[in-house]
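Quick note on labels: first sequence line is chain A, next is B, and so on, each numbered from 1.
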Protein chains: 2
Amino acid sequence: MRWGVEKRLEFIEFRLFWEGGINRADIVDQFGVSVPQASKDLTLYEEKAPGNLIYDKSAKRYKAADDFKPVFMQPNASTYLAHLRETNGGASGVTEAWLASAPEHDALPIPHRRVEADVLRDVLKAIREGHSIEVFYQSMSAKKPSPEWRRISPHALGNDGLRWHIRAFCHIDHKFKDFILSRCMKTRKQGLSGASANDDKLWHDRFVVALAPNPALSESQRSIIAQDYEMTNGRTEVMVRKALLYYFLKRLRLDVADKLDNPHEVPVVVANRAAFDAALAEAMA
Amino acid sequence: MRWGVEKRLEFIEFRLFWEGGINRADIVDQFGVSVPQASKDLTLYEEKAPGNLIYDKSAKRYKAADDFKPVFMQPNASTYLAHLRETNGGASGVTEAWLASAPEHDALPIPHRRVEADVLRDVLKAIREGHSIEVFYQSMSAKKPSPEWRRISPHALGNDGLRWHIRAFCHIDHKFKDFILSRCMKTRKQGLSGASANDDKLWHDRFVVALAPNPALSESQRSIIAQDYEMTNGRTEVMVRKALLYYFLKRLRLDVADKLDNPHEVPVVVANRAAFDAALAEAMA
DNA sequence: GATGATGGGTATATAAACTATACGAATTTT
DNA sequence: AAAATTCGTATAGTTTATATACCCATCATC
């Protein structure tokens, strides 16, 4: 079966599962095929996935059968929700509007300067080809009130939950650091790499964070949290790169749990705190 | 031009821009077309976007010209980064692997129970068709140590930055509330809606949060933050639904800024704090 | 400096996919 | 009862893609 046909069948199934029904017109709109072709696609889908399709004459619409069994996709809530989130942001670029009758929804607005496509493209190239590059970077350091050109040897990208960083060797400070992608305004001439990606110990080393339900919670609440995090024996372990450990602490509000927050707002605490603090100190050095 | 052809040209352009080069083999792998067809596609691309394509005989690979000008897509860093993030999570479902030579990357792991696809599907249906539904829900309330069936009339989905909520009228408490999607284990019989979506005042009302650079920062740092957030006159305004206001506070760590964090970790503070607190109190009532 | 492997281009005949157009049937709206 | 909508399907013709074949350039290896 050709790629285009396969995609259309996948689309039919996606709509059936997530939105409950589909039309010839939906297919025509999405793929720009003719009406007879859309008919054929629906017939073909019925052939490949017998019993999934029921035509509701009254609604003039195909509906998913009660015992609907997907064959062209694995229904995955995360995927659907990711699509939904993209819908929000607008400007989708490559992605299609697979979601027609999306529910009303909203995500927390995270205000931020946007990343320049050309900058990202050049950084990706430097990572791929293993060379250094100069970025016109706005540091937060008090000594550097205006942006300046800095040579870096990038080797990876990291996301701290709110924004993306470039993980790179800094040719000025002679060590590996994070550079916030949105603070890179321009790039210019490439050069030789200043360090091997393998030498970035904090990036490659991971610390195993042990999380346990907040002891300030009642026993029944703790057991709920244990289920929520799919814990075994009241523990769950999360591998976190040492370079991301600090952000992990902040994002999950693990630092304020016992001080400020209502216990039920901080569901989990770090169980191996001593080791965690040691690893964090190492990462911050 | 047919949809399939268009997609392949878009793919060629995507790879050229973000990964710097493309091969016949890439097209064959991605779309399952024959080798001669991939050749024709590349020729066609050159026709439609003259000058973008340069064949590097030595690397045996088409490369993007220096003055590459995309015609089939708008290069958008957010889109690329969203793709990258999906790569991390695995289990992509519908999305394709447009990224071949993705850079090394990692996102902060956010541990959580996964959402059941069937539950989400049923909730979406209830929202779409405007009826109520029973969910087997694990509340955090101390009075309800084990999950129980609750009838809700959902009307929207909300994301607090870490997880998705159902925004719904609760038939037990007779008010609109958030239900954490991953804590809904099962669903069962539909019923009549208990309230109109329009009556959810906290969902529809938005509060305009005024953000300003943290005054604890130096002047030069404040101006950097102002650029970062694309502020005008040292202010930026963010519209936040009152139902999400509390999460906004927590997620941006606006509550701990002055108490716990190093100023340069909390770049912005709320400028209209009195009004903010009033709106928050209203939302929490 | 011949040899083979690899990656690209192209020609031909054939097959599959798709369009345009047309017409008929079932159902709902007016 | 008439009009509109949505489906299905048939026909003839076009476009797209395949399979197969053969040629060319570059590069690594012997």
- Task: Walk me through it: do B:Arg167 and B:Asp178 pass the test salt bridge (Lys or Arg N to Asp or Glu O under 4.0 Å)?
- Result: CA-CA 5 Å; B:Arg167 187 71 193 172; B:Asp178 287 329; 3.1 Å; yes
Could you tell me how far apart [X] ([atom1]) and [N] ([atom2]) are, to the nearest whole angstrom?
X       : N      : atom1 : atom2 : answer
A:Leu42 : D:dT9  : CG    : C1'   : 14 Å
B:Asp56 : C:dG7  : CG    : C1'   : 12 Å
A:Arg24 : D:dC7  : CZ    : P     : 5 Å
B:Ile27 : D:dT18 : CD1   : C1'   : 16 Å

- Message: Taking the ring centre of each residue, are A:His83 and A:Phe14 less than 6.0 Å apart?
- Response: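 When the ring centroids of A:His83 and A:Phe14 are compared, they turn out to be within the sub-6.0 Å range.
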Do the charged groups of [X] and [Y] touch, with an N to O distance under 4.0 Å?
X        : Y        : result
B:Asp26  : B:Arg61  : yes
B:Arg121 : B:Asp118 : yes
A:Asp173 : A:Arg150 : yes

- Task: Look at all strands and tell whether B:Arg61 reaches a base, only sugar-phosphate, or nothing, counting heavy atoms closer than 4.0 Å.
- Result: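 Counting heavy atoms under 4.0 Å across all strands, no contact is made by B:Arg61.
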- For A:Arg15 and A:Ile22, indicate whether the former's side chain and the latter's backbone hold a donor-acceptor pair under 3.5 Å.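 No, A:Arg15 side chain to A:Ile22 backbone: no donor-acceptor pair under 3.5 Å.
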- Message: Just to verify, what does A:Asn52 make a side-chain contact (heavy atoms from CB on, under 4.5 Å) with, not counting sequence neighbours?
- Response: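 Once residues adjacent in sequence are excluded, the partners of A:Asn52 under the side-chain contact (heavy atoms from CB on, under 4.5 Å) criterion are A:Glu13, A:Tyr45, A:Ala49, A:Phe68, A:Lys69.
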- Message: Between B:Asn23 and C:dG8, is there a contact of a side-chain N or O with OP1 or OP2 at under 4.0 Å?
- Response: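 So the side chain of B:Asn23 is within the cut-off, an N or O lying under 4.0 Å from OP1 or OP2 of C:dG8.
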Pairs under 3.5 angstrom, nitrogen or oxygen only, protein versus nucleotides 25-28 of chain C, please.
unit_1, atom_1, unit_2, atom_2, d
C:dT27, OP1, A:Lys57, NZ, 3.3
C:dT27, O2, A:Lys60, NZ, 3.2
C:dT28, OP1, A:Ser58, OG, 3.1

- Query: Taking atom types as modelled, is there a side-chain donor on B:Ser182 or B:Arg113 under 3.5 Å from an acceptor on the other?
  - Reply: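 There is no such pair (donor and acceptor under 3.5 Å, judged by atom type) between the side chains of B:Ser182 and B:Arg113.
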- Message: So if I define the base as every atom that isn't primed, P, OP1 or OP2, how would nucleotides 17-23 of chain C read as a B/S/- string at a heavy-atom cutoff under 4.0 Å?
- Response: SBB-B--
